[in-house]
2 protein chains.
Amino acid sequence: MAETAREEVLKQSLIFSSLNDRELAELTRFTIERHFKPEEFIFWEGDTADYFYIIIEGRIKVIKYSSSGKGFIIAFFGVGEMFGEVAVFEDKSYPASAQTVVDTRILGIKKEHFLSFLGNHPPVALSIISVLGGRLRDAQSRLKDMVGERVEQRLARTMLMLASKMGPTLPFTRQELADMSGTTTESAIRVTSRLKERGIIKTVRGKITILDETKLTLLSEGPPLI
Amino acid sequence: MAETAREEVLKQSLIFSSLNDRELAELTRFTIERHFKPEEFIFWEGDTADYFYIIIEGRIKVIKYSSSGKGFIIAFFGVGEMFGEVAVFEDKSYPASAQTVVDTRILGIKKEHFLSFLGNHPPVALSIISVLGGRLRDAQSRLKDMVGERVEQRLARTMLMLASKMGPTLPFTRQELADMSGTTTESAIRVTSRLKERGIIKTVRGKITILDETKLTLLSEGPPLI
DNA sequence: AAGTGACTATGATTTGTATCATATCCGGAA
DNA sequence: TTCCGGATATGATACAAATCATAGTCACTT
């Protein structure tokens, strides 16, 4: 990809929106581009963290595995979003694994380059703080949900959270939905089947569409509608 | 508290360690001091977030409540640590409630003051990024634990996490331990009783001391030792 | 057109843990 | 001292959800 095209991508990205063309060009010189096929791993939990990444095209999921080997999807990220940044700012190895969902192209920036760049560009640092703050808020909210709510509510909340980010049609399998909600595929299927019967959602293979957000929200908050 | 004393407190705090005396004095002028008795609430989830805080003396817990009213302790913070910052950086209301554990004094800094100060002091922004990154890492790790592990493992991990932060003696009741692990008081008591029998921990009213960290770690990772 | 594998579906059974119920222990207050 | 409330303890029961098992469905390959 040409330098100017890379600059364009960075410019679109929320965290770099404050930069002018000269600064973008400066940053672009530090980037390397990488391409991955679907289901490929970009890095594994525990790998040395030299780079942090921004998605140019495609979609990735961030996963942690529990002692039994069961994976839990911490987050999905799409075009313009950064990932792998926590390790970089903390000088530790990656705390989770990153796997592509579809064909994906990413820009990587070396840790040292980025840290020094950050030091000279306070607005970018503030953007990063804002992004991290938002993610922290999400993580803590989900933490409460995962331990305090029952499976039906957890699934409803996961769907609503995803919908607020990417619209009413969610491109996920029940398997993925389950892995994001801390439950099993079977339970996810049972719950979504019931929701489908009640006309709250619509499903096709690998996709879920929320039809009645109000009812779903109600369900996510209280005891099941009888 | 006198201005110089406040400055001293800020200087001790990790996030402001990069500031010189003049900058500290500047920051100190923005602070207000507040005092709370044990179990008092500093703010509630949903309150408008005007201030973020740094603890001068005492200890606080950050709590979120699920729809059923059950509280989940997201974090404990002690002297020199900041809290309530996520809301400030995101221009939203507080995402959780903060309650003191013991007599506690805190310094508050108004949102706008702090944001403009940050813009002019990049090293402080980098510190904050680092702190937020660490907290995000913790939250995501706990997220995985809470959904992927059984109660015994969750409790073991919570204890180990706390021990790594504050030493082998943990000043918490089983109730609090349960609320940090997403389980009930009864279950926490049952598990800790078993651990006590096996000599892995020692307990006195309101306190738990880890005697055999190795065994506890083993337990936290795998199936129960038969 | 047939084969393959991932996804969806559903029933039967098991199990971990919450819930409910009581009881004892301990420290501080009166 | 006695009283009292929070903390600890323990048994009985209920239940949500995991697990195990089996099968149907759809998309894509050869």
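All heavy atoms count here, side chains included; hydrogens, waters and symmetry mates do not. Just so you know, these numbers come straight off a predicted model, no measurement behind them.
- The salt bridge (Lys or Arg N to Asp or Glu O under 4.0 Å) test with A/R137 is passed by exactly one of B/E85, B/E90, B/E45: B/E90.
- Under 3.5 Å, the side chain of A/R205 and the base of D/dC26 form at least one donor-acceptor pair of N or O atoms.
- B/R190 contributes no side-chain N or O that forms a donor-acceptor pair with the base of C/dG16 under 3.5 Å.
- Atoms CD (A/E149) and C1' (C/dA18) sit 15 Å apart, rounded to a whole Å.
- Between the A/R154 side chain and the A/E149 main chain, a donor and an acceptor come within less than 3.5 Å of each other.
- One interatomic measurement links the two molecules: CZ of A/R154 to P of D/dA17, which rounds to 7 Å at whole-angstrom precision.
- No engagement by A/K207 is indicated, since no non-hydrogen atom pair under 4.0 Å with the nucleic acid exists.
- Contact between the side-chain N/O atoms of B/K196 and the OP1/OP2 oxygens of D/dA9 is found at a separation under 4.0 Å.
- Between B/L195 atom CG and D/dT8 atom C1' the separation is 15 Å, expressed in whole Å.
- Residue contacts for A/S193: at a heavy-atom cut-off of 4.0 Å it reaches the sugar-phosphate backbone alone, with no base atom in range.
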**OP:** Before giving the answer on side chain to side chain donor-acceptor pair (under 3.5 Å), spell out for A/T203 and A/R174 the whole-Å C-alpha distance, their side-chain angles and the decisive distance to 0.1 Å.
**Re:** CA-CA 10 Å; A/T203 70; A/R174 314 305 160 85; 3.1 Å; yes
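- With rounding to whole Å, A/R150 atom CZ is found 14 Å from C/dA18 atom P.
- B/Q175 has its CD atom 20 Å from the P atom of C/dC26, to the nearest Å.
- Counting any heavy atom pair closer than 4.0 Å across all strands shown, A/K70 reaches no nucleic acid atom.
- You'll find that the side chain of B/V151 is closest to C/dA18, out of C/dT8, D/dT10, C/dA18.
- The closest donor-acceptor contact from the side chain of B/R105 to the backbone of B/H35 lies at 3.5 Å or more, if one exists at all.
- Of the candidates C/dT8, D/dA18, D/dT8, the closest approach to any side-chain atom of B/T185 belongs to D/dT8.
- Within 4.0 Å of B/T183, counting heavy atoms only, lie sugar-phosphate atoms of the nucleic acid but no base atom.
- Taking atom CG of A/D179 as the reference point, atom C1' of C/dA6 lies 14 Å away to the nearest angstrom.
- The separation between B/E152 atom CD and C/dA18 atom C1' is 17 Å, rounded to whole Å.
- In this structure, B/F43 and B/Y53 have parallel ring planes: the angle between them is below the 30° cut-off, well short of the 60° mark.
- Between the P atom of C/dA21 and the CD atom of B/E186 lies a distance of 12 Å, rounded to the nearest Å.
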